[in-house]
Amino acid sequence: MTAVQYADRGTLGNVGGAMSWSLLARAVRQLFGIASSIIIVRALGQFDYGVYALLVSILTFAAAIGRGGLTEAMLRYLPELRVKGHGAGMRSLLWTVIRFQSVLAVVVLLLGWILRDDLAGVFRRPELAGLLAVVLGVAVFEVYFETINQSAIALYETRTVAVSSTLASVVTLGTLVLFVAWGWGIVGVLLATAAGHICAACLLVRKVLQHTRAARGENSESIRRGRLLKYAMPFLAVNVMVLITWRQSETVFLSYYWTPVEAGLFDVAYRLPQRMLEFVPGAIYPLVMAGFSEAITKDLASMRRGIVSYYKLLFVLVAPISLFGALYADRFIEVMYGPEMAASGPLCQVFFLVFMSSFFGTPLSMAIYAVEKTWVNMIFYLVSTVVIVGLDILLIPRYGLWGAVLPVALITVASPFARYVLAQHFVKGIKILWGFIMRMYLASAPMALCIPLRDRLSSPGGLVALACAAAVGFYAGLRIFRVFREEERVLLEHSNLPFRHVILRLV
């Protein structure tokens, strides 16, 4: 199989070259994010951390509404305009999105201020009324940061994104340490996050504007507002429903039916696998979406080949991380966050396995977005939201933490199969690479040989040693089961990823 047959080399090269910087940025954010989470959990304690988890859920919903689905529209249409050489159209699109989001931000702030006392009354937490103003203010900064950040990624300005992400992480961690030392508690944590986003956005916006001015051609053609809103509005609904499906509804219901303590334990159990498993997908999703948008501008066959590449890229890392977490996550929870959070450990192990299954459907969902059938995903998430909220209300009041785990597990495991049926209808010839995925899990299996060391290593250094031993087992599995065959070698050779020749020699 030739490189041209395997994937569109122009798009794959752009994505691959940009991906190294995106992965670097994500790696830095992960390290600083883990350090920040340890400080936050240990500084706030069980109860206050639970209140903070509830506030973060509110913040996340507010930011999703404030983005209005327009951030995702940037990923779809900026690459299209770049390929066509419409520099003026790119600038017009950016300012149109910012104006729409400014209106939404004002609406969110006004509604939040009007309803602050009612919301505090629902959760029987009067202190929420005062904190809500801080939360909504931080949400506004997050909206603008995400729009500018995703725009830079869509334009393959990932080196600048890497620098800005590093800056944001350093500023967030530094101000967090300072505010915690000053005793600012939850407010200090929220303000530290906003400080990081503001610094990163200031660095990125200048680069994005420079890039659009440098685009070849000054054709005034842009994306019509009707087309933009038709694509974006379903995303607004989808983003809110995704948040309900992923963690936020359970955090809210646990806070309501039980106490902030249970909400905090659930949040800790959920965040670690989410942070680890979404490391690569979170870093490359905007790039791959931009690549798909370019590919479909050329031909549908290029996008189908891109989906195959995306599956392989995902499960090279998702498989070992999910299995490692299922085996050892409870030990990491206790060492990182202290004995207070040890009850989160078993839940965390379950989530590593549950979340793994969601990646079977990630490329399928992206294919539907790329062909502009956002309403399909909207209906999918509507059904998922109704089911999960119903199960939350039925199970959480009676079973607490485990009652919150079951709805998430059910929806997450079932969703890829539903996505497959939908994707087959709109993108003919699409498939899930079951053979490659199975080989990746066979290659990851030797990590289980470290189980005898599991309970003997209870220090940070011991857990690092455990992770290194598991990595050696994974490498041995790659060689034994010959995961990387000719197709994968061709993909890697033409990906423009850094150190690809070293990786090829190793595997």
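In this text the structure is predicted, and so the values were computed from the model without any measurement. For reference, positions follow the sequence shown, starting with 1.
To the nearest 0.5 Å, atom CG of residue Leu31 and atom OG of residue Ser169 are 9.0 Å apart. In this structure, Phe417 CZ and Ser357 OG are separated by 8.0 Å, a value rounded to the nearest 0.5 Å. Taken from CD1 in Ile437 to NZ in Lys312, the straight-line distance is 11.0 Å, to the nearest 0.5 Å. Rounding to the nearest 0.5 angstrom, the gap separating the OG1 atom in Thr385 from the CG atom in Asp392 is 10.5 Å. Between the CD1 atom of Ile58 and the OG1 atom of Thr251 there is a distance of 11.0 Å, given to the nearest 0.5 Å. Between the CD1 atom in Ile198 and the OG1 atom in Thr172 there is a gap of 10.0 Å [rounded to 0.5 Å].
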I'd like to know whether Ile244 forms a side-chain contact (heavy atoms from CB on, under 4.5 Å) with Tyr381, so could you lay out the CA-CA distance, the side-chain angles of the two residues, the decisive distance to 0.1 Å, and finally the verdict. CA-CA 9 Å; Ile244 293 173; Tyr381 278 113; over 6 Å; no
Please step through side-chain contact (heavy atoms from CB on, under 4.5 Å) for the pair Phe352 and Met276, ending with a clear verdict. CA-CA 9 Å; Phe352 266 102; Met276 299 304 296; 4.1 Å; yes
Would you sort out whether Val140 and Leu136 count as a side-chain contact (heavy atoms from CB on, under 4.5 Å), showing the intermediate values? CA-CA 6 Å; Val140 172; Leu136 294 177; 5.9 Å; no
Set out, in order, the CA-CA distance, both residues' side-chain angles and the distance that settles side-chain contact (heavy atoms from CB on, under 4.5 Å) for Val242 and Val238, then state yes or no. CA-CA 6 Å; Val242 165; Val238 166; 3.9 Å; yes
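Heavy-atom minimum distance, Ala62 versus Ala139: CB-CB, 4.0 Å. Nearest heavy atom pair, residue Ser36 against residue Leu173, reads OG-CD1, 3.5 Å. What you find for Ile186 and Leu44 is that their closest heavy atoms are N-CD2, 4.0 Å. Across Leu54 and Ser255, no two heavy atoms sit closer than the pair CB-OG, 3.8 Å. Of all the heavy atoms in Glu250 and Thr245, the pair that sits closest is OE1-O, 4.4 Å. The two residues Leu204 and Ala152 have their closest heavy-atom pair at CD2-CB, 4.0 Å.
No side-chain heavy atom of Leu176 sits less than 4.5 Å from a side-chain heavy atom of Thr193. Phe359 has its side chain within reach of Leu277: a pair of non-hydrogen atoms, C-beta onward, lies under 4.5 Å apart. Here the side chains of Asp118 and Leu115 are in contact, with some heavy-atom distance below 4.5 Å. Phe123 has its side chain within reach of Val252: a pair of non-hydrogen atoms, C-beta onward, lies under 4.5 Å apart. For the pair Ile98/Leu70, no side-chain contact is recorded, criterion being any heavy-atom separation below 4.5 Å from C-beta on. Here the side chains of Leu55 and Leu59 are not in contact, with every heavy-atom distance at 4.5 Å or above. Side-chain contact between Ser37 and Arg275: present, with at least one pair of heavy atoms (C-beta onward) separated by less than 4.5 Å. Using a 4.5 Å heavy-atom cutoff, the side chains of Tyr77 and Met90 are not in contact.
If you check the side chains of Asp267 and Tyr52, you find no donor sitting under 3.5 Å from an acceptor. Neither side chain, Thr412 nor Ser358, offers a donor N or O lying under 3.5 Å from an acceptor on the other.
Residues passing the ring-ring contact (aromatic ring centres under 6.0 Å, His included) test with Phe360 are Phe315, Trp434, sequence neighbours excluded. When the ring-ring contact (aromatic ring centres under 6.0 Å, His included) test is applied to Phe145, the partners found at least two apart in sequence or on another chain are His197. Residues forming a side chain to side chain donor-acceptor pair (under 3.5 Å) with Ser102 (at least two apart in sequence, or on another chain): Tyr144. Every residue two or more places apart in sequence or in another chain that forms a side chain to side chain contact (heavy atoms under 4.5 Å, CB included) with Ala43 is listed here: Val180. For the ring-ring contact (aromatic ring centres under 6.0 Å, His included) test, residues two or more places apart in sequence or in another chain that qualify with Phe355 are Trp246, Tyr270, Phe351. Residues satisfying the ring-ring contact (aromatic ring centres under 6.0 Å, His included) criterion with Trp184, sequence neighbours excluded, are Phe179, Trp182.
A donor-acceptor pair is defined here as one N or O able to donate and one able to accept, closer than 3.5 Å; such a pair exists between the side chain of Ser164 and the backbone of Val161. Remark: the backbone N or O of Arg67 is not paired with any side-chain donor or acceptor of Thr71 at under 3.5 angstrom.
In Phe141, the CZ atom is not crowded: 12 or fewer heavy atoms of neighbouring residues, nucleotides or ligands sit closer than 6.0 Å.
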